[in-house]
Novice: 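Before I ask anything, here is the structure I am working with.
Throughout, residue positions are numbered sequentially from 1 according to the sequence presented. All values below come from the heavy atoms of this structure, side chains included, with hydrogens, waters and symmetry mates left out. Every value quoted in this text rests on a predicted model; they were computed, and no experiment measured them.
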Amino acid sequence: PVGGDFGPLALFNYVFVANLVLAAFNLLPAFPLDGGRILRALLALRLDYGRATTLAAGVGRVAAVALGIYGFLNGAIFSVLIAFFIYSAAGQEAGYVRYRRLLQGYTVRHAYSPSAYRLEPATTVRGATDLMLLGGQSSFPVVEEGRLLGFLPAAELTRALSTQRPFTPVTEVMRRDVAPLSSELPLFDAEQRLMTEGMNALPVADDGHYLGLLTRDHIVALRRALDGRPAGIAQAQQLRRLVERLAGGVVDRLAEQPVAADSRDLEQLGVAARNQQRDERKRRARRRQQRRQQVPFEVVDRHHGLPQC
């Protein structure tokens, strides 16, 4: 504007030019900007999708570094912030695509545990707590004659400890609205559901028949096993075929005989857990008593300057 005249036409011109600048900037081949995504699409015509994403992300990081250096030398803090966003977003997008490609072809049945502890309807809150403390499992499916009745997550069990009596059946505190995972569900989709619902574990069932339990630790273990292989995706696919052959035999037989935590087992586990806690308290008391007995002698020795024993 000239002479301070900032009318509608000047405002339109300013907004028009600003949008042109933003559009041109967005078309730069700096992934994950639109220009970087176009570059990835062109690379994917000749290369593998994962490889194309890695190359596009690399170009985006180089562009981000150049923009950051320019902004730093010229005092353009806003350019430095944009460069930081592009650099971090490119790494996250590339990691996301690589992780999804790594789990491609794997389903829930390749990672779930058919031997996880399960609870019977008559199991009490105290029994479930003892099993959690001694067995190391925090979430439990509630099963009766092979049918999945409900699911007791760790949060619900912890809440029940403070709001319910110890001998309350787990059927009164379990959740019945948790839909089980299908054994043929892609593993990546199963992990997304775990993250969306904020759960550490979910039951696995087909047509109402309980099969096992899938936890985040199972997915992380499989991911680390695949990610540690130098040949990458090809080796991962070979491992997937090997797991499929094993799943057709050993895993299916284990699924027919899951570990059931009946009342007798839980009572024995509870007794063992309480005995272990009592022994630990005794050991701590003995250590405190030994420290109290040693303190006077150490004080006397320091006071008289006697040699320490």
Side-chain angles (χ1 to χ4, degrees), residues 1-106 186-196 198 216 219-237 239-240:
V2 180
D5 185 12
F6 197 79
L9 182 59
L11 178 61
F12 173 80
N13 292 333
Y14 176 79
V15 173
F16 180 75
V17 173
N19 278 275
L20 286 180
V21 172
L22 290 177
F25 177 80
N26 199 34
L27 289 178
L28 292 176
F31 193 80
L33 298 179
D34 289 343
R37 297 185 182 277
I38 295 174
L39 175 62
R40 180 178 63 176
L42 295 176
L43 292 174
L45 296 176
R46 296 284 185 176
L47 303 174
D48 178 77
Y49 184 79
R51 178 62 176 167
T53 302
T54 302
L55 291 177
V59 174
R61 286 187 169 185
V62 171
V65 171
L67 180 62
I69 294 175
Y70 170 82
F72 179 78
L73 295 178
N74 292 273
I77 304 299
F78 191 67
S79 298
V80 175
L81 294 178
I82 294 178
F84 176 77
F85 164 76
I86 294 176
Y87 189 90
S88 59
Q92 293 177 0
E93 183 75 13
Y96 174 82
V97 172
R98 181 176 182 276
Y99 179 45
R100 187 163 188 171
R101 293 279 294 176
L102 193 64
L103 294 181
Q104 184 177 4
Y106 286 88
L187 194 57
F188 183 83
D189 295 341
E191 184 182 28
Q192 294 301 307
R193 183 182 163 190
L194 285 170
M195 297 175 60
T196 302
R216 292 187 182 182
I219 301 177
V220 171
L222 179 60
R223 182 184 65 187
R224 288 178 178 175
L226 299 176
D227 198 33
R229 292 176 175 268
I233 300 298
Q235 291 287 346
Q237 298 299 331
L239 180 60
R240 179 178 64 83

Novice: Glu191 and Leu103: side-chain contact (heavy atoms from CB on, under 4.5 Å), yes or no, with the steps?
Specialist: CA-CA 10 Å; Glu191 184 182 28; Leu103 294 181; 4.2 Å; yes
Novice: Check Ala52 against Leu43 and note the closest heavy-atom contact, atom names and distance.
Specialist: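 Between these two residues, the closest heavy atoms are CB-CB, 3.7 Å.
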Novice: Could you pull out the closest heavy-atom pair between Val80 and Phe72, with the gap in Å?
Specialist: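 For Val80 and Phe72, the tightest heavy-atom pair comes out as CG2-N, 3.6 Å.
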Novice: For atom CZ of Arg37, decide whether the heavy atoms of other residues, nucleotides or ligands shown that lie under 6.0 angstrom number more than 12.
Specialist: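 Yes.
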Novice: What pairs with Ser88 under side chain to side chain contact (heavy atoms under 4.5 Å, CB included), at least two apart in sequence or on another chain?
Specialist: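 Result, side chain to side chain contact (heavy atoms under 4.5 Å, CB included) vs Ser88: none returned.
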Novice: How long is the span from the OG1 atom in Thr54 to the CD atom in Glu93, to the nearest 0.5 Å?
Specialist: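 Here the rounded value is 11.0 Å.
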Novice: Does the side chain of Val59 reach to within under 4.5 Å of the side chain of Leu55, using non-hydrogen atoms?
Specialist: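 They are not in contact (no side-chain heavy atoms under 4.5 Å apart), so the answer is no.
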Novice: When rounded to the nearest 0.5 angstrom, what distance separates CD1 in Ile38 from CG in Leu28?
Specialist: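 One gets 11.0 Å once the value is rounded to the nearest 0.5 Å.
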Novice: Could you pull out the closest heavy-atom pair between Ala83 and Gly68, with the gap in Å?
Specialist: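 Heavy atoms of Ala83 and Gly68 come nearest at CB-N, 3.5 Å.
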Novice: For Ala57 versus Ala90, what's the shortest heavy-atom pair and its separation?
Specialist: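 For Ala57 versus Ala90, the nearest heavy atoms are CB-O, 3.7 Å.
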Novice: Consider side-chain contact (heavy atoms from CB on, under 4.5 Å). Of Leu67, Asp34, Leu20, which one does Phe25 pass it with?
Specialist: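 Per the side-chain contact (heavy atoms from CB on, under 4.5 Å) rule, the option paired with Phe25 is Leu67, out of Leu67, Asp34, Leu20.
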Novice: Asn19 and Val15: which non-hydrogen atoms are nearest, and at how many Å?
Specialist: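 What the structure gives for the nearest pair is ND2-O, 2.7 Å.
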Novice: Given side-chain contact (heavy atoms from CB on, under 4.5 Å), test Asp189 with Arg193 step by step and report yes or no.
Specialist: CA-CA 6 Å; Asp189 295 341; Arg193 183 182 163 190; over 6 Å; no
Novice: For a side-chain contact (heavy atoms from CB on, under 4.5 Å) check, start with the C-alpha distance between Phe78 and Ile82, then their side-chain angles and the critical distance, and finish with the verdict.
Specialist: CA-CA 6 Å; Phe78 191 67; Ile82 294 178; 3.3 Å; yes
Novice: To the nearest 0.5 Å, what is the distance between CZ (Arg101) and CZ (Arg51)?
Specialist: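 Reported value, rounded in 0.5 Å steps: 13.0 Å.
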